[in-house]
Asker: 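Structure in structure tokens, see below.
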Amino acid sequence: MKSIQLQHLFFCFLIGAFTHQSFGQAVAEKKLQGGITGAVGFNFLKMGTSLLEAQPGLSTSVGVNFIKATKESQNIAFLGGVEFNLERFNYKVTQQDVFYRYTDQIIKTKDETLAADKYYRLTERTYKPLYLGLPIGMAFRTDFIGDYRGVVKFGLQNRFLLSNTVDDIGFSSNSTSEIGDFQENTGMIAKKDLFFYNAGLFINLGAEWNFSGSTCLLVELGYQYGFMPLHLTSKEQNYTLFMANEVGLPTYFRNQAMMNQANVKFTLLF
């Protein structure tokens with residue numbers, strides 16, 4: 001009797017092992033994987049001006065990604081996706097007084113200023129842009145060792161600005177000669193500040209875990225190197241920030257920054 005039970009147990013074990021191996025082979029042989037992705041990370045800005053100092057900012061994203069193996073090999077694949085990137089860019093004013101003019105929640109550019117505008121002496125600023133991200137690139141994958149395989153990704157992160165608001169800390173007054181009253185300007189609109197398109201080169205190192213059937217969890221550590229300016233810089237009439245001399249005359253300047261980012265990314269692949 002015990003012999004029959006042991007044989008039955010051994011048979012069930014073989015069936016389970018065979019089924020599990022079949023699932024692993026099924027994933028390894030799939031040409032196309034796609035699924036839901038999410039990431040969290042930190043932005044580190046490379047500055048091109050000494051008047052503002054960058055502070056680390058939070059980055060989050062959600063979307064869908066896909067990986068498609070090439071005809072020649074399962075180990076080499078194309079990757080792409082659609083993501084929504086919610087970023088935080090933080091700045092502090094460093095050496096001199098920096099101002100802008102505003103009405104209600106609208107930050108005025110140089111050619112939009114009016115006599116009725118109020119002045120704002122800026123000390124800290126946080127941008128809250130929402131981007132549509134379209135990553136494209138290549139992936140290199142090892143063969144499965146048990147339930148796991150290694151993944152290396154690299155490519156181009158394309159991002160298109162959907163919306164942006166600005167939160168400021170500083171002092172509001174009627175002229176640059178006044179210290180003014182402490183005030184937080186939240187939800188401000190600076191329409192011609194951030195550049196519409198932004199891009200960066202990324203490289204990710206990760207591991208893919210086939211934990212159930214043909215479903216896998218891909219965990220990645222990534223770094224993105226930004227090579228395009230975050231802020232519009234071509235036309236002085238679109239500048240919003242300025243310094244004032246002894247008699248209150250403004251000297252407008254441009255903010256200059258490029259974004260580098262480190263992140264952790266999780267993707268559920270089917």
Side-chain angles (χ1 to χ4, degrees), residues 37-65 79-94 98 100 107 109 122-138 152-169 186-206 220-235 238-241 253-267:
T37 188
V40 61
F42 291 95
N43 295 321
F44 304 94
L45 303 185
K46 181 180 179 182
M47 299 300 295
T49 175
S50 61
L51 298 176
L52 299 175
E53 181 180 80
Q55 306 294 310
L58 183 66
S59 170
T60 57
S61 69
V62 294
V64 293
N65 282 180
L79 63 90
V82 177
E83 301 172 351
F84 292 95
N85 307 134
L86 182 60
E87 308 290 352
R88 295 289 186 275
F89 305 143
N90 301 324
Y91 300 97
K92 280 188 176 181
V93 176
T94 54
V98 172
Y100 66 77
I107 297 174
T109 61
L122 184 66
T123 59
E124 296 182 33
R125 166 167 287 188
T126 299
Y127 289 87
K128 297 180 178 180
L130 175 63
Y131 289 96
L132 174 66
L134 301 175
I136 56 173
M138 299 290 295
V152 178
K153 293 180 177 180
F154 70 89
L156 180 68
Q157 176 72 17
N158 301 284
R159 305 190 313 162
F160 299 89
L161 184 66
L162 298 179
S163 65
N164 176 52
T165 58
V166 177
D167 291 346
D168 289 332
I169 296 176
T186 59
M188 301 296 288
I189 306 298
K191 295 181 180 179
K192 299 178 180 179
D193 195 331
L194 292 181
F195 197 65
F196 171 71
Y197 173 70
N198 183 257
L201 299 174
F202 68 84
I203 181 168
N204 293 8
L205 303 178
E220 305 167 68
L221 295 177
Y223 181 77
Q224 178 180 319
Y225 173 76
F227 59 87
M228 291 194 63
L230 289 170
H231 302 274
L232 287 170
T233 58
S234 58
K235 297 181 180 180
N238 292 332
Y239 296 176
T240 59
L241 301 177
F253 70 94
R254 59 187 180 182
N255 190 5
Q256 300 177 65
M258 291 184 290
M259 185 188 76
N260 298 327
Q261 182 185 106
N263 58 54
V264 180
K265 192 171 187 176
F266 301 89
T267 307

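Computed over heavy atoms, backbone and side chain alike; hydrogens, waters and symmetry mates excluded.
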Asker: Measure from the side-chain N and O atoms of N260 to the backbone N and O of G226, and report whether any donor-acceptor pair falls under 3.5 Å.
Answerer: yes
Asker: How far apart are the C-alpha atoms of I189 and T165, what are their side-chain angles, what is the distance that settles it, and do they pass the side chain to side chain contact (heavy atoms under 4.5 Å, CB included) test?
Answerer: CA-CA 5 Å; I189 306 298; T165 58; 4.2 Å; yes
Asker: Are any non-hydrogen side-chain atoms of L58 and N90 less than 4.5 angstrom apart?
Answerer: no
Asker: Kindly indicate whether the side chain of D168, heavy atoms from C-beta on, has any atom under 4.5 Å from the side chain of I107.
Answerer: yes
Asker: Report the C-alpha distance between N198 and L161 in whole Å, list the side-chain angles of each, state the deciding distance to 0.1 Å, and finish with yes or no for side chain to side chain contact (heavy atoms under 4.5 Å, CB included).
Answerer: CA-CA 8 Å; N198 183 257; L161 184 66; over 6 Å; no
Asker: Between E220 and N263, do the side chains contain a donor N or O and an acceptor N or O under 3.5 Å apart?
Answerer: no
Asker: Which heavy-atom pair separates N255 from M47 by the least distance, and what is that distance?
Answerer: OD1-CE, 3.5 Å
Asker: Work out which heavy atom in L122 is nearest to a heavy atom in V93; give both atom names and the distance.
Answerer: O-CG2, 3.1 Å
Asker: Quick one: does D193's side chain get under 4.5 Å of Y127's, heavy atoms only?
Answerer: yes
Asker: Is the CZ atom of F42 crowded by more than 12 outside heavy atoms at less than 6.0 Å?
Answerer: no
Asker: Can you list the steps and then say if V98 with R125 is a side chain to side chain contact (heavy atoms under 4.5 Å, CB included)?
Answerer: CA-CA 11 Å; V98 172; R125 166 167 287 188; over 6 Å; no
Asker: Give me the one residue out of N164, T186, D167 that meets side-chain hydrogen bond (donor to acceptor under 3.5 Å, both in side chains) with K128.
Answerer: D167
Asker: Looking only at non-hydrogen atoms, find the nearest pair between P135 and N65 and report the distance.
Answerer: CG-ND2, 4.4 Å
Asker: Side chains of V264 and L221: closer than 4.5 Å at any heavy-atom pair?
Answerer: yes
Asker: Working to the nearest 0.5 angstrom, can you tell me the gap between T126 OG1 and Q55 CD?
Answerer: 9.5 Å
Asker: Measure up the Y197 and F160 rings against each other and bin them: parallel (under 30°), tilted (30 to 60°), perpendicular (over 60°).
Answerer: tilted
Asker: Do L201 and F154 have side chains that get closer than 4.5 Å, going by heavy atoms?
Answerer: no
Asker: Identify the two heavy atoms, one from Q157 and one from G133, that lie closest to each other, and give their separation to 0.1 Å.
Answerer: NE2-CA, 3.7 Å
Asker: Okay, side chain of N43, backbone of Q261: is any donor-acceptor separation there less than 3.5 Å?
Answerer: no
Asker: How far does NZ of K265 sit from OG1 of T37, to the nearest 0.5 angstrom?
Answerer: 4.5 Å
Asker: Tell me the closest heavy-atom pair linking F202 and L156, and the distance in Å.
Answerer: CE2-N, 3.4 Å
Asker: Would the distance check show the side chain of T123 and the main-chain N or O of I169 forming a donor-acceptor pair, the cut-off being under 3.5 Å?
Answerer: yes
Asker: State the CG-NZ distance between L232 and K192, to the nearest 0.5 angstrom.
Answerer: 9.5 Å
Asker: Might you work through the side chain to side chain contact (heavy atoms under 4.5 Å, CB included) test for R159 and E87, ending with a clear yes or no?
Answerer: CA-CA 11 Å; R159 305 190 313 162; E87 308 290 352; 2.8 Å; yes
Asker: Taking all non-hydrogen atoms of both residues into account, name the closest pair between A54 and L45 and its distance.
Answerer: CB-CB, 3.6 Å
Asker: Rounded to the nearest 0.5 Å, what separates atom CZ in F253 from atom CG in L51?
Answerer: 5.0 Å
Asker: So, taking the atom named CD in Q224 and the one named CD1 in I203, what distance separates them when rounded to the nearest 0.5 Å?
Answerer: 12.5 Å
Asker: Do you know which of Y239, Y91, F195 makes ring pair (Phe, Tyr, Trp, His ring centres under 6.0 Å) with H231?
Answerer: Y91
Asker: How long is the straight-line distance from CD of E83 back to CG of L132, given to the nearest 0.5 Å?
Answerer: 9.5 Å
Asker: Checking the side chain of N158 only, and the main-chain atoms of L134 only, is there a donor and an acceptor separated by less than 3.5 Å?
Answerer: yes
